[in-house]
Amino acid sequence: MLGLPVQLQMSDEQEAFREAIRRFIETEVPLSKVRDLYGVAEGFESAWWQEAARLGWTSLFADERYGGGSLSGGRVRDAVILAEEIGRGLAPGPFLPVNIVAAAISRGGSDEIKTELLPALVAGEAVAVWAFAERAGRWTLNGLEAAIDRTGDGLLLTGAKHYVEAADNASHALVAALCDGLPTQAIVRLDGPGVAVRRGRSIDMTRRFGTICFENAPVEPAWVVGEVGQAAEALHQQLHIAVALQCAELVGVADRTLDFTIEYGRDRFAFGRPILSFQELKHRIADMVQWLEASKALAGALAEAVDEGDADAGRLAHTAKAYIGDKAARIVDDCVQITGGIGVTWEHDIHMYNRRAALLRALYGSPEEHKEELYCLLEATVGAST
Amino acid sequence: MLGLPVQLQMSDEQEAFREAIRRFIETEVPLSKVRDLYGVAEGFESAWWQEAARLGWTSLFADERYGGGSLSGGRVRDAVILAEEIGRGLAPGPFLPVNIVAAAISRGGSDEIKTELLPALVAGEAVAVWAFAERAGRWTLNGLEAAIDRTGDGLLLTGAKHYVEAADNASHALVAALCDGLPTQAIVRLDGPGVAVRRGRSIDMTRRFGTICFENAPVEPAWVVGEVGQAAEALHQQLHIAVALQCAELVGVADRTLDFTIEYGRDRFAFGRPILSFQELKHRIADMVQWLEASKALAGALAEAVDEGDADAGRLAHTAKAYIGDKAARIVDDCVQITGGIGVTWEHDIHMYNRRAALLRALYGSPEEHKEELYCLLEATVGAST
Amino acid sequence: MSGASGTEALSEFRRRCQNWIAANLPPKSAPAEDPVALQRLLFDSGYAGIPFPEEYGGAGLTLEHQQAFYDLAHELGRQVPSGVALMVSVGMLGPTILEHGSHEVKSRFLPGLLRGDDLWIQLLSEPRGGSDMAGARTRLVRDGDSYVLTGSKMWSTGAHQSDYGLCLARTDWEAPKHRGLSMIAVPLAPTTPGLVVQQTRSADGTMGEFCEEFFDDIVLPSENLIGEENIGWAVAQTLLFHERNAVANVGYGYIGWDQSESPAGAYEPGRVSDLIGIARQRGVDQNSSVRQLIADVFIEEAVLPLSSARVMTGMALGTHEGQWGSLLKLQESEAAIERVRAALAACGAEGVIWEGDDIELDNPGTSWLLARGGTLAGGSSEMQRNIISERLLGLPREPSVERGLSFNEVLRRQESFE
Amino acid sequence: MSGASGTEALSEFRRRCQNWIAANLPPKSAPAEDPVALQRLLFDSGYAGIPFPEEYGGAGLTLEHQQAFYDLAHELGRQVPSGVALMVSVGMLGPTILEHGSHEVKSRFLPGLLRGDDLWIQLLSEPRGGSDMAGARTRLVRDGDSYVLTGSKMWSTGAHQSDYGLCLARTDWEAPKHRGLSMIAVPLAPTTPGLVVQQTRSADGTMGEFCEEFFDDIVLPSENLIGEENIGWAVAQTLLFHERNAVANVGYGYIGWDQSESPAGAYEPGRVSDLIGIARQRGVDQNSSVRQLIADVFIEEAVLPLSSARVMTGMALGTHEGQWGSLLKLQESEAAIERVRAALAACGAEGVIWEGDDIELDNPGTSWLLARGGTLAGGSSEMQRNIISERLLGLPREPSVERGLSFNEVLRRQESFE
């Protein structure tokens with residue numbers, strides 16, 4: 001029952017995709033490789049990323065005219081298959097930022113941007129990142145302070161974007177900012193004037209982050225994605241996609257961790273019995289399995305809602321991240337406890353899963369933040385106070 | 001280890017007091033009697049209450065000149081002994097309101113009030129109740145809306161007091177209201193003009209409540225307790241005493257429930273073993289024992305802090321009710337689960353403990369409300385936002 | 001479980017149902033119809049017991065057809081037969097008799113059961129037994145062509161309003177615990193000689209749905225045996241399996257979800273918004289604990305139908321075989337506890353105190369007294385966790401202290417302990 | 001445990017300490033003094049090992065005197081010897097040797113231990129053993145007047161910086177598991193022939209405090225045996241008892257609480273206010289989950305010293321005998337997990353992402369990786385719950401599958417399973 005995917009019903013093509021990804025991760029970036037990458041500033045190798053791109057890691061959300069294409073017509077549903085395998089294998093690489101950028105420009109970008117960026121992104125030759133959150137680390141539109149000013153010299157961007165995944169690997173960033181006080185998105189070259197990238201790390205073994213500071217950085221009008229001041233809906237959709245992929249990845253992380261922990265506990269003896277014959281541990285595992293199954297159901301429903309453009313997708317995204325973000329981290333944490341002392345050593349793999357879970361938990365809004373957003377949405381539906 | 005009292009160190013006199021109370025409850029109001037009282041509107045018998053009064057149930061907070069007196073000099077510490085036994089035996093009677101009123105008028109009442117009320121309260125011949133909370137059921141000073149107006153005819157009280165324990169048994173109420181917008185307390189006769197009492201019940205087997213409506217009810221100036229507009233400190237202290245007694249009672253309820261549940265579970269067999277040989281149940285019980293021990297430590301510290309007038313008593317009261325209110329209810333609830341189906345029947349005693357716990361949990365501020373107050377206090381100590 | 005060849009295609013069936021439902025079932029907005037009357041309406045048009053063979057009164061189709069029927073009815077906003085009595089009878093006892101009964105037994109009992117004419121219940125638990133149902137001490141003795149039943153059962157839902165009970169009783173006391181049990185149908189009419197049925201008073205003081213039964217040498221025809229003598233435990237396990245499924249609203253007991261189209265919208269305008277409204281009215285809508293608890297209730301309620309739908313899909317696809325009902329039952333009953341906890345927090349004193357001398361039952365305090373019913377009935381949460389870990393996941397079993405012992409020996413050891 | 005007749009009265013002792021502490025111990029505001037240097041200062045003035053007999057270098061007083069000394073030092077705002085190494089050596093190994101060692105053993109080892117000259121650790125856990133310490137496979141063989149030690153130990157705290165380890169090893173393989181063990185003192189100097197000590201790398205990538213030791217036929221004098229041959233499990237249980245107490249800061253390892261006078265004020269201006277400040281700065285100070293988690297941390301931190309004080313009082317009064325340290329250890333280590341959880345929630349992305357290429361360790365994310373150390377070391381939370389329920393409460397024990405078997409037979413059965 002562990003190992004069942006988020007999507008129970010897959011086409012043959014999707015099944016083959018899943019198989020290919022899993023084999024690729026096992027062969028090309030096994031956990032020993034992930035350990036090696038811990039010491040490498042970049043966190044992944046470009047040649048490997050181009051190979052991954054050939055398997056479809058970069059193309060699922062991209063406009064078909066520029067090399068993109070989905071397997072099933074449901075782009076999020078396809079990408080969830082990939083995200084889950086990435087979680088299972090703790091694969092490195094800028095999967096999420098590249099796909100969010102590809103989705104955004106495929107949806108609202110000019111032909112000029114698409115031509116400039118999409119083929120290179122899809123081929124894995126370029127990396128573009130999503131620069132959204134600011135100092136406080138919150139992924140909500142009302143946290144935006146970066147501003148695009150209209151001047152005699154054209155549009156100039158000023159502000160600082162934090163927690164930008166793979167910032168140091170990227171040539172371009174999709175930046176969210178206010179123009180005339182309204183949400184706007186634009187692609188900005190990171191080697192242009194007025195742009196500085198500060199490298200950073202995270203608790204994860206391979207995922208690197210950075211801060212991008214813009215000071216009167218020029219924004220080409222044709223590189224605004226969508227209309228100036230009209231980006232709210234697109235930004236929400238990008239957030240929903242990010243949360244959907246992240247939830248699937250968290251499911252992969254937690255499912256795999258519970259799976260190998262159970263394998264370990266079946267064979268480990270104490271007091272003359274396998275430790276997993278002790279009732280209290282079994283009951284905790286039963287709860288974890290229940291949480292996992294519910295998480296898979298939620299992640300699947302969210303992917304579908306985002307693909308279908310359901311009005312309810314936002315609420316479901318908050319629900320899913322609040323639930324899965326919390327439960328996945330708890331599952332990995334309790335697996336550490338079941339594993340025992342060896343689980344808090346470097347030698348054992350579980351800390352790498354714990355790292356990924358801790359990162360994903362916080363990124364794109366923590367469970368606590370999503371739960372509060374959800375409550376506010378519910379509150380609004382009840383109507384004004386009397 | 002179960003059955004250990006909140007106060008580990010008791011004087012011989014205190015030990016004898018505890019013994020006498022326990023015997024009295026076991027003989028005079030055993031659980032079979034509590035069942036009988038469920039059907040009686042009043043919830044307790046006056047003759048019995050006068051007997052209880054002779055044992056000291058009404059005198060611990062009363063001015064010594066009017067028949068009161070503590071055993072140890074620590075009035076709350078003495079009363080906690082009683083409260084805990086009341087919880088263990090689910091004794092009926094207006095213990096808390098009578099003692100709060102006695103404490104308030106002994107501290108701030110005129111000789112006239114004391115003479116009128118204290119001897120009768122101490123003898124158990126009269127009952128006076130504490131009318132504090134209003135419609136929303138919150139025990140905070142900023143929830144006060146009832147008002148005492150100064151008119152040509154003197155002081156007139158208008159407002160409605162809810163959740164008043166033993167309202168229908170009482171001749172007098174200690175009412176909190178605003179006068180000139182400032183907290184004020186006064187004793188009001190319940191058979192006077194402009195006063196109406198509506199009887200009510202609670203989830204508890206024997207504790208009855210009522211709503212008291214005042215409409216231009218006259219308040220005699222000599223019956224104002226303390227100075228007009230100066231009652232804030234006294235009200236806080238009364239709330240602290242109420243929470244301290246209530247926490248001790250909750251400890252008694254939870255300790256006794258866990259105790260008889262364990263006795264039951266030791267003898268009950270399933271799958272060829274006593275059910276309490278199953279590890280998962282044992283581990284839950286271990287947690288409950290830990291919570292109980294911590295609850296006793298907190299309840300004891302609170303009693304001491306209130307007796308000593310510590311500046312920290314308020315914060316400790318919030319902490320204690322937040323912790324004990326939650327844990328005691330959880331303990332009783334989990335004991336129902338351990339007891340099994342019979343635990344949700346009328347025939348088994350545990351529902352009576354569950355009722356008392358559910359009542360005490362909510363009364364004088366729920367754990368949720370106290371936790372929020374506590375957080376606000378903590379927040380204030382961190383200083384203003386930058 | 002997917003449609004065998006020769007079975008009516010789902011799409012075809014859906015079209016047929018759509019018309020019939022629209023023409024026959026009352027809308028949800030109409031006054032609630034008696035469930036048994038609705039069940040008879042379904043039966044008489046061939047829509048009761050959809051996955052049961054036609055020869056026993058069913059429609060001879062599959063669980064997926066049943067799912068399609070009920071989902072359609074909800075989509076069309078129509079009433080369906082619901083309630084505990086039918087859930088137990090049609091969702092639990094029906095499939096158990098179908099699996100274990102002889103042709104004669106099925107022909108005799110199933111049509112009346114599926115039509116709702118005969119309500120069936122289970123008689124498994126005993127007063128001393130708790131979760132250990134295989135420890136039954138009710139005695140069943142063969143006497144020529146009859147059996148004689150002696151003992152008592154407890155926690156039977158609605159026995160006082162039912163027609164038959166399927167009773168687990170011991171036929172061999174020298175066999176190991178699980179191998180000396182048999183299952184027999186007991187008529188529950190008050191006229192049955194030797195039978196006394198008593199309702200159990202609930203913690204809230206009312207007569208609840210549970211009963212206790214006393215059997216004093218009740219004589220039963222041997223044709224009432226369901227399954228062979230001494231294989232009663234296998235029959236009971238089938239019954240318990242269907243019970244967990246029915247409680248979780250999957251399998252034979254599936255009656256659909258009464259919800260709007262959007263999954264996260266399930267129950268939405270209902271209880272959660274009530275709680276938000278109460279919190280606001282009491283001025284605790286900014287209280288962080290209260291917000292937390294209410295948000296958690298919403299999340300659990302959004303997750304439940306999604307989990308159930310996933311398991312249903314998995315059952316149809318074959319990815320979910322076996323004891324998945326336990327997982328859903330656990331999730332559902334534990335979420336219900338949290339729902340009451342949130343109500344207690346939102347309502348504060350208002351949840352446990354009311355005006356008037358009457359005993360009120362519609363408040364969170366009373367719900368709290370009864371809340372554990374859900375985590376105990378139908379197998380306690382502890383039993384569900386055992387099943388999930390040992391049977392679904394295959395983790396090593398708890399060492400048994402009864403292995404290889406006759407039941408008489410088990411009893412002797414227990415008595416020496418007590 | 002209260003002062004025997006002839007013992008210096010507590011009030012008298014307090015007066016004497018007050019003067020000495022004020023004159024000798026550095027204030028907390030001064031730079032932190034080396035703990036071992038402080039311990040020597042205490043020893044040389046007769047304030048080390050207060051409850052140990054004078055003949056072994058102690059003060060010949062009681063646990064209450066020790067409590068009074070440390071409480072006074074904190075009241076006066078002075079530094080006391082603290083840290084893991086002394087806690088293990090003086091709080092755990094000291095009382096174990098005192099209880100089980102012969103007069104010769106105590107005379108030889110205790111003065112150096114109490115003075116901090118010799119740091120002692122325990123060598124109990126083994127790589128394959130986990131919580132089941134009595135399953136030790138390290139081998140101790142008598143050879144004339146010596147013993148030969150072969151095997152390995154793990155999870156020993158600071159072995160690379162210690163002087164002696166008290167090692168649990170098997171002397172009789174045909175005896176039942178708990179009856180063939182012995183305890184022997186092993187010198188940990190790197191020059192000891194046959195000894196290899198390796199530090200274990202922690203989940204955060206650093207070398208932590210834990211070590212693994214390999215014994216390759218180490219020859220030890222028979223005088224190093226602590227307690228008789230084959231009663232090692234009793235010695236180990238004493239050691240584990242003192243370990244739980246020391247971790248919970250009660251009993252021999254008590255070193256007082258670094259807090260303001262008011263109980264609820266404990267830790268107050270420290271970590272909780274940091275979290276509140278971070279939440280405010282991030283704009284999540286109105287987030288209900290974050291508030292909840294922080295309030296819960298404050299509550300747990302207020303409760304911990306009160307629980308500990310209650311147990312200390314109960315130990316002095318005799319109401320609290322036995323395994324109460326388990327209860328406090330459980331409470332403390334589980335609360336620490338919640339503290340990290342609250343920090344993760346308050347900090348959000350800031351808790352797991354930082355600027356620069358360096359690997360930072362001072363953040364909630366890293367604390368999270370190591371948090372389970374506290375609920376595993378010194379006996380896992382599961383073991384504490386076993387102890388509380390079975391030993392403190394006397395609930396029926398888990399049925400043992402090893403009862404009556406020789407250890408060799410236990411191993412054979414296990415191998416046939418694997």
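Convention: sequence-line order gives letters A, B, ...; per-chain numbering from 1. On a predicted model such as this, the values are computed, not experimentally measured, just so you know. Reckoned from all heavy atoms, side chains included, excluding hydrogens, waters and symmetry mates.
Rounding to the nearest 0.5 Å places CZ of A:F271 at 7.0 Å from CG of D:N386. Once rounded to the nearest 0.5 Å, the distance linking CD of D:E355 with OG1 of A:T211 reads 3.5 Å. Annotation: the span from D:W155 atom CH2 to A:I342 atom CD1 amounts to 5.0 Å, rounded to 0.5 Å. The OG atom of D:S131 sits 8.5 Å away from the CZ atom of A:R268 when rounded to the nearest 0.5 Å. For the atom pair A:F269 CZ and D:E415 CD, the distance stands at 10.0 Å (nearest 0.5 Å).
Comparing A:G365, A:G341, A:G343 by how many heavy-atom pairs each has under 4.5 Å with chain D, the most go to A:G341. Between chain D and the options A:W139, A:Y375, A:W346, the largest number of non-hydrogen pairs under 4.5 Å is found for A:W346. No other option in D:T375, D:V410, D:T200 has as many heavy-atom pairs under 4.5 Å with chain A as D:T375. Contact count against chain D (heavy-atom pairs under 4.5 Å) is highest for A:A136 among A:G137, A:A358, A:A136, A:G210. Note: D:S202 leads D:G348, D:S400, D:S202 in heavy-atom pairs under 4.5 Å with chain A. The residue among D:G205, D:G373, D:S380 with the most heavy atom pairs within less than 4.5 Å of chain A is D:G205. Your options are D:L411, D:N363, D:D358, and the one with the most heavy-atom pairs under 4.5 Å with chain A is D:D358. With respect to chain A, the highest number of heavy-atom pairs below 4.5 Å among D:L405, D:T206, D:V401, D:N287 belongs to D:N287. For the set A:D168, A:T345, A:D204, A:V332, the entry with the most heavy-atom pairs within less than 4.5 Å of chain D is A:T345.
Proximity to chain A is absent for every atom of D:P364, based on heavy atoms less than 4.5 angstrom apart. Of the two parts of A:D333, the backbone and the side chain both hold a non-hydrogen atom closer than 4.5 Å to a non-hydrogen atom of chain D. Looking at A:F209, only its side chain comes within 4.5 Å of chain D, counting heavy atoms on both sides. Proximity to chain D is absent for every atom of A:I275, based on heavy atoms less than 4.5 angstrom apart. Interface remark: D:E398 contributes side-chain atoms only to the contact with chain A (heavy atom separation under 4.5 Å). Using a 4.5 Å cut-off between heavy atoms, A:R361 contacts chain D through its side chain alone, with no backbone atom that close. Both the backbone and the side chain of A:E369 come within less than 4.5 Å of a heavy atom of chain D. Looking at D:S381, the atoms closer than 4.5 Å to chain A (heavy atoms on both sides) sit in the backbone and in the side chain alike. Proximity to chain D (any heavy atom under 4.5 Å) is restricted, for A:L363, to the side chain, taken from C-beta onward. Using a 4.5 Å cut-off between heavy atoms, A:F278 touches chain D through its side chain atoms alone. For chain A, the nearby part of D:E402 is the side chain; its heavy atoms alone come within less than 4.5 Å. Both the backbone and the side chain of A:R199 come within contact range of chain D, judged by heavy atoms closer than 4.5 Å.
Applying the 6.0 Å contact sphere to CD of A:E215 captures no more than 12 heavy atoms from other residues, nucleotides or ligands. In this structure, A:E263 places its CD atom where more than 12 heavy-atom neighbours from other residues, nucleotides or ligands lie under 6.0 Å away.
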| request: Kindly indicate, with the supporting measurements, whether the criterion side-chain contact (heavy atoms from CB on, under 4.5 Å) is fulfilled by A:R355 and D:W368. | output: CA-CA 9 Å; A:R355 288 167 181 272; D:W368 181 243; over 6 Å; no
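For the pair A:I203/D:L369, a side-chain contact is recorded, criterion being any heavy-atom separation below 4.5 Å from C-beta on. Within the 4.5 Å cutoff, the side chain of A:R135 has no heavy atoms near those of the D:R282 side chain. Using a 4.5 Å cut-off on side-chain heavy atoms (C-beta onward), A:S202 and D:V352 make no contact. Using a 4.5 Å heavy-atom threshold, the side chains of A:V344 and D:D204 count as separate.
With hydrogens and angles ignored, the 3.5 Å screen pairs no side-chain donor or acceptor of D:R372 with any backbone N or O of A:Q337.
Using a 4.0 Å cut-off between charged nitrogen and carboxylate oxygen, D:R341 and A:E368 do not count as a salt-bridge pair. Salt bridge status for D:D357 with A:R201: absent, with no side-chain N to carboxylate O gap under 4.0 Å. The pair A:R284-D:E382 meets the salt-bridge criterion, with a side-chain N (NZ, NE, NH1 or NH2) lying under 4.0 Å from an Asp/Glu carboxylate O.
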